[in-house]
Amino acid sequence: MPVFQLHVNGRMHTINVDGNMPLLWVLRDVLGLTGTKFGCGVAQCGACTVHLNGRAIRSCVTDVGVAALGEVTTIEGLSSDGNHPCQRAWLDLQVPQCGFCQPGQIMTASALLAANSNPTDEAIDAAMRGNICRCGTYPRIRDAVRKAAGGQTS
Amino acid sequence: MSGIYRVTRRDFLRTAGFGTGAVVFGFAIAPDDLFAAKIPSLREIAHTGLPLGEFVAIKPLSGDLTIFTHRSEMGQGIKSSLAAVLADEMEADWSKVTLRQADADSVKFGVPFPYPEIPGAPAIVRGEDAQFTDSSRSMAAYYMPMRLFGAGIRLVMLRAAAKKWSVPIADLRAEQQRVFHDGSGRSIAYNHLLLEARDIPLPNTDEAYAALKKPEQWRYIGKETMPFNDAKDMVTGKAIYGADVNVGRGMLTAMIVRCPVANGKLLSFDATAAMAVPGVRFVERVLPDNFPYTGGVGANFVPHDGVAVIADNTWAALRGRRALSPTVKWDLGPNASYDSDAFRAELQESTSKPGKVVRWRGDVVGGADIKADYYVPHLAQTPMEPPAAIARYDNGKWEIWSPTQGPELAQHYIGLAMLEPDPVKGLLWLVTEPDELRDCERPSQRAFNEALSQMMSVPVSKLFELRDALKKKVRDNVQVHVTLLGGGFGRKSNPDYAMEAAFLARNHPGVPIRVQWTREDDVQFSFYNAAAYEHFEAGIGANGLPTSLLQRSAFTSFFATIFPPPSPAFPPALNDIFAKARAAFHNGGEYLYGSAIERAQGLEDNPYDIPNMRIENSPAPNHIRCGWMRSVANIYHAFGLCSFADEMARAADRDPKDYLLDLIGQGHMFTEKDLRENEHVPCYDNNLFPIDRQMRSIGGQEKEILPGFPPDTRRLRACVERVAQMSGWDPAKKGRLGKGRGLGIAAHRSFLSYVALVVDVSLNDANELTINEVWAAFDCGRVVNPDRVRAQMEGGILYGLSLALLGEITVKGGAVQQTNFDDYPVFRIHQTPKRITSEFVPPSKAVVDSYPGTEVPPTGVGEPPTAAVAPALANAIVAAGGPRIREIPFRHKIVVL
């Protein structure tokens with residue numbers, strides 16, 4: 001099996017896995033980074049969202065061989081102690097219910113804000129519509145993204 | 001002598017009588033147990049802290065507290081909320097609190113409450129129900145126990161300080177885990193009082209009641225300061241769900257090819273291709289070959305027959321399963337003919353004929369002026385976390401880690417499957433003393449007990465011994481740890497996935513096996529909400545209001561899944577015992593008909609004040625696993641009932657809100673006697689809670705054992721009035737809304753709470769729907785955690801919008817046709833209304849004054865918002881000029897972008 005050098009959260013990992021193993025399973029099963037969640041396996045729900053070179057991707061459909069070409073950031077590496085503006089806004093507005101989808105939501109939102117520091121409501125919905133939450137935290141997610149962007153919450 | 005750290009089995013309660021006075025924090029202490037109780041050594045206290053009952057341990061040096069929550073955390077915030085109720089009353093310092101999720105333990109938690117020393121006292125929580133986190137009853141059942149428990153601990157600390165300082169207890173106060181003596185300026189931390197506390201006599205229940213704080217003294221209860229400790233871990237990726245548990249090296253991951261049809265059986269498989277996948281270790285059948293089938297589609301929660309691929313990691317297991325899948329051959333069995341379209345027609349036919357009358361008043365005669373039928377298909381819960389569980393087997397014992405709503409239920413059914421798979425002997429678990437039940441439930445329990453005693457050729461009295469021995473065997477050999485749940489919504493009440501892990505673990509002693517479900521597994525192997533058909537007929541009087549109402553409902557009972565329905569393949573005695581077991585279990589009814597639980601969710605408790613009413617339950621067979629989904633039978637019953645109210649209003653050319661208020665009338669409180677004698681509902685299931693206030697004579701005094709939780713249509717009416725104000729209904733009605741825009745209203749009581757919703761929609765010329773706004777007025781009695789209640793309102797409403805617009809599971813050839821979120825779509829953020837506004841409607845003075853109890857207690861929160869959504873939305877679509885939609889999902893009739 002091929003050997004990959006994988007950059008995750010600023011650290012280099014040497015891993016020995018099948019090149020088309022999805023990044024999700026490398027993160028969870030090989031590296032023990034369980035903050036990234038498995039929700040659907042087919043890029044429908046966004047629970048597995050991580051950053052690859054700063055862009056939000058679905059790790060369940062991204063081969064590790066592709067991910068090894070760039071820098072991967074997971075929820076564990078988004079901030080040193082949970083102080084990313086999204087994480088703070090998520091806590092301030094008590095967004096999570098069961099919490100399972102929130103790492104993916106936050107990774108999508110943080111990538112959005114990195115690219116667009118002042119998104120409109122439409123831009124927020126467009127960016128976040130790939131992330132499903134069954135608990136129904138969507139209204140608070142909208143508010144939290146606005147708050148993290150420095151704007152007003154409704 | 002202290003018993004703070006020692007609680008005893010409820011089994012004691014039956015034999016010890018009462019009057020011992022040794023009751024603390026809701027748990028009974030038997031004199032013999034007291035003597036047997038081991039007082040912890042100082043070394044033990046230093047190591048683990050002094051346990052203060054079963055929920056709290058305090059460290060002597062640091063004062064750090066561990067508070068256990070026995071109910072499962074699945075997004076409702078209960079792990080923090082119940083702990084905070086306790087912490088508030090005990091005057092804990094929340095900064096010192098660590099929360100822990102309790103393991104399954106019906107011995108610790110399965111006690112009736114309060115005044116457990118009284119034989120025959122009504123138990124809200126019995127057996128597995130103590131931890132079974134379903135039916136939105138955690139706070140309703142445990143608010144007062146947690147308060148008393150906390151107040152009792154505070155009282156012990158006050159007494160300890162009084163002893164240490166030789167001062168009267170009246171001169172002391174407790175605050176933030178310290179006791180203060182203001183007269184001398186002294187104060188001392190709780191953890192420095194443990195030596196004295198160790199020997200303090202236990203407060204009894206009366207003393208704990210007397211020590212309760214006044215509401216104005218609460219720090220957390222009812223306040224925005226109520227904590228939610230798990231949130232930080234959730235946003236940093238540290239929260240641990242079912243598949244995240246690190247049980248050490250050597251864990252293997254299993255993926256399972258399951259029979260697509262309920263109760264089909266494995267014929268053969270070829271492991272060659274799967275074994276060739278790198279990382280695959282084993283390919284094997286999940287169930288033992290000789291496992292006794294019971295003929296039920298999901299009886300005893302036994303999983304679908306399946307073949308597991310066990311591998312080093314999830315990806316290898318997935319690839320192995322892909323290789324294995326085409327080689328697996330099944331005998332699909334009789335359910336392979338199940339077709340959900342044909343079943344819909346069967347349900348329609350069933351409701352076209354008289355069914356079993358479950359409630360009536362007056363006389364429904366003559367022709368109907370207005371009729372309507374409504375249909376709700378099977379629905380799947382799809383929590384974001386697909387089912388997953390880990391099991392390890394060693395030396396005859398199982399250790400399970402599972403995101404489960406039913407910790408003891410999982411322990412119970414896994415234990416039976418592993419240790420006592422004989423389905424008849426397993427029924428011993430359900431043997432119950434009739435005296436513990438309501439009068440109306442006793443005959444069916446007696447009949448079951450007697451039939452089982454005959455079948456097993458032992459006297460009834462011996463059954464109780466056998467039951468206790470069986471339960472002990474299971475408890476001693478199966479340990480269930482509860483992780484966070486990535487959503488539950490009823491799916492994770494069913495322990496089938498953990499049972500799969502337990503079966504596989506047994507084949508590989510010492511090796512932890514993680515069973516990981518995919519989304520496809522979750523969609524295709526759920527315990528689905530029943531498909532249901534609702535038929536209504538009304539006779540309309542001169543004033544436009546109904547003089548008579550016929551309501552008929554056909555749905556498959558979830559008890560037809562858990563208990564094997566009658567089968568020609570069984571000997572008659574077996575059919576008979578299963579039927580009697582079901583009838584006895586929570587008044588579970590008989591096959592083809594609904595249980596008391598389902599009948600009580602929108603059928604028997606129809607809130608309309610119509611002089612002549614007949615409510616019927618029509619027969620429906622079972623071909624697929626049916627279970628619970630957030631709000632359960634309320635979903636289809638409220639959809640029919642609240643839509644039909646709007647249809648009658650429009651037929652009468654009346655405003656739907658005014659008409660709804662007329663239907664409800666001024667409202668009144670139902671007593672158990674009213675329901676029995678005036679409504680002819682002999683055994684109403686009030687979500688397990690008593691309808692009337694429960695009083696008992698204790699030491700010559702009449703005392704409240706439990707408050708009543710009566711259906712009270714005044715409270716429903718108040719919610720309708722409030723939501724109309726919130727939404728500006730009356731001005732809107734007068735034409736403020738433009739063309740293609742409309743408001744719809746619906747109101748429903750469920751899980752002891754009352755909700756009224758208004759939905760504001762727009763429908764454009766292309767028939768495309770926009771949901772603009774939703775208002776909710778909610779009466780759940782005492783609001784303990786306002787922010788989490790609001791969060792549940794938001795979530796429950798969105799869950800309801802999702803199922804109404806999008807939800808549909810169809811079945812062909814016995815197999816579910818949907819697979820993932822592409823063909824079983826769920827609500828997304830861009831579909832979410834701009835605003836959802838919730839307000840609490842405190843019970844009115846008239847309600848409070850007539851309330852059968854000392855206070856209006858907290859009632860259900862998680863599920864009540866959901867059921868009223870679909871009808872409110874359907875009614876709004878009509879108001880916006882759209883079609884009357886009488887079936888779910890609405891996307892078949894309108895465009896959902």
Side-chain angles (χ1 to χ4, degrees), chain A residues 1 17-18 21-22 24-26 28-30 32-42 44-45 47 74-76 78-79 81-82 84 86-88 90-91 94-103 106 121-122 124-126 128-142 154, chain B residues 73-77 228 230-241 243-244 246 253 278-279 312-316 318 381-386 484-489 516 518-520 787-788 791-792 794-799 802 820-822 826-830 832-836:
Chain A
M1 263 187 289
V17 297
D18 192 28
M21 187 193 273
L24 170 67
W25 302 117
V26 175
R28 289 186 55 85
D29 288 356
V30 181
L33 293 170
T34 54
T36 304
K37 302 302 183 193
F38 168 58
C40 72
V42 292
Q44 284 285 320
C45 79
T74 70
I75 186 72
E76 290 93 343
L78 184 65
S79 64
D81 59 353
H84 185 280
C86 283
Q87 289 167 316
R88 289 205 311 267
W90 250 249
L91 279 181
Q94 297 279 285
V95 173
Q97 289 185 27
C98 87
F100 190 83
C101 73
Q102 301 301 345
I106 289 170
D121 290 356
E122 290 68 29
I124 293 172
D125 277 8
M128 303 302 299
R129 66 185 283 176
N131 286 73
I132 294 173
C133 170
R134 290 292 279 150
C135 295
T137 63
Y138 298 134
R140 294 191 192 208
I141 287 173
R142 279 179 182 154
S154 71
Chain B
E73 175 58 55
M74 51 189 168
Q76 79 282 46
F228 179 26
D230 290 306
K232 180 81 193 264
D233 282 351
M234 288 169 173
V235 302
T236 53
K238 295 191 182 80
I240 299 297
Y241 301 87
D244 303 338
N246 182 350
T253 298
D312 289 341
N313 57 57
T314 318
W315 176 237
L318 265 167
Q381 304 86 349
T382 61
M384 279 317 295
E385 176 197 36
L484 286 174
L485 282 68
F489 312 118
Q516 174 68 61
T518 60
R519 180 60 58 195
E520 288 80 3
D787 184 67
R788 287 302 89 187
Q792 287 299 299
E794 293 156 16
I797 286 165
L798 292 174
Y799 204 87
S802 184
N820 206 316
F821 290 126
D822 49 351
V826 296
F827 226 52
R828 292 175 182 270
I829 197 168
H830 67 283
T832 300
K834 287 257 176 291
R835 197 159 41 232
I836 299 174

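In what follows, every heavy atom counts, from backbone to side chain, and hydrogens, waters and symmetry copies are set aside. Note on naming: letters A, B, ... go to the chains in the order of the sequence lines (proteins, then strands), and numbering restarts at 1 for each one.
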task: Specify which of B:Pro383, B:Pro386, B:Gly77 makes the most heavy-atom pairs with chain A at under 4.5 Å.
output: B:Pro386
query: Got a donor-acceptor contact below 3.5 angstrom from the B:Glu73 side chain to the B:Gln76 backbone?
result: yes
Interface moiety of B:Ala231 toward chain A, non-hydrogen atoms closer than 4.5 Å: both
field: Contact class of B:Thr382 relative to chain A, heavy atoms under 4.5 angstrom
entry: both
- prompt: Can you check whether B:Ile829's main-chain N or O pairs, donor with acceptor, with B:Thr832's side chain at less than 3.5 Å?
  reply: yes
query: Counting distance only, does the side-chain N/O of A:Tyr138 pair as donor-acceptor with the main-chain N or O of B:Leu798 below 3.5 Å?
result: no
- prompt: Less than 4.5 Å apart, any side-chain heavy atom of B:Asn313 and any of A:Trp25?
  reply: no
query: What part of B:Phe821 gets closer than 4.5 Å to chain A, counting heavy atoms only: side chain, backbone, both or neither?
result: both
- request: Mind ranking A:Cys133, A:Gly82, A:Cys98, A:Gly35 by heavy-atom pairs under 4.5 Å with chain B and telling me who comes out on top?
  value: A:Cys98
message: Which residue in the set A:Arg142, A:Gln102, A:Gln97 passes side-chain hydrogen bond (donor to acceptor under 3.5 Å, both in side chains) when paired with A:Thr137?
response: A:Gln102
- request: Please determine, among B:Asn246, B:Asp244, B:Ile836, the option with the most heavy-atom pairs under 4.5 Å with chain A.
  value: B:Asp244
query: Which residue pairs pass the salt bridge (Lys or Arg N to Asp or Glu O under 4.0 Å) test when at least one of the two sits in residues 128-137 of chain A, sequence neighbours left out?
result: none
task: With sequence neighbours left out, write down each residue that passes salt bridge (charged side-chain N to carboxylate O under 4.0 Å, His left out) with A:Asp29, or none if nothing qualifies.
output: B:Arg514
field: Portion of B:Asn820 that has a non-hydrogen atom of chain A nearer than 4.5 angstrom
entry: side chain
query: With no hydrogens and no angle check, is any side-chain donor or acceptor of A:Arg28 less than 3.5 Å from a backbone partner on A:Leu33?
result: no
- line: In terms of heavy-atom pairs under 4.5 Å with chain B, the winner among A:Gly32, A:Cys86, A:Pro96 is A:Pro96
task: Spell out, as yes or no, whether a donor-acceptor pair under 3.5 Å connects the side chain of B:Tyr241 to the backbone of B:Gly487.
output: no
statement: Max heavy-atom pairs within cutoff under 4.5 Å with chain B, candidates A:His84, A:Lys37, A:Met21, goes to A:Met21
- prompt: In terms of heavy-atom pairs under 4.5 Å, which option from A:Leu91, A:Thr36, A:Asp81 contacts chain B the most?
  reply: A:Leu91
Under 4.5 Å from any heavy atom of chain A - which part of B:Lys238: neither
query: For B:Ala243, is it the side chain, the backbone, both or neither that has a heavy atom under 4.5 Å from a heavy atom of chain A?
result: both
- prompt: Counting heavy-atom pairs under 4.5 Å to chain A, which of B:Leu484, B:Thr253, B:Ile797, B:Asp787 comes out on top?
  reply: B:Asp787
query: Between A:Ile75 and B:Thr236, which heavy-atom pair has the shortest distance, and what is it?
result: CG1-C, 3.7 Å
task: Examine whether an atom of A:Ile106 lies under 4.5 Å from a heavy atom of chain B, and if so say whether it belongs to the side chain, the backbone or both; otherwise answer neither.
output: side chain
query: If you tally heavy-atom pairs under 4.5 Å against chain A, which of B:Met74, B:Arg788, B:Glu520 wins?
result: B:Arg788
- prompt: Quick one: what part of A:Asp18 sits under 4.5 Å from any heavy atom of chain B, side chain, backbone, both or neither?
  reply: side chain
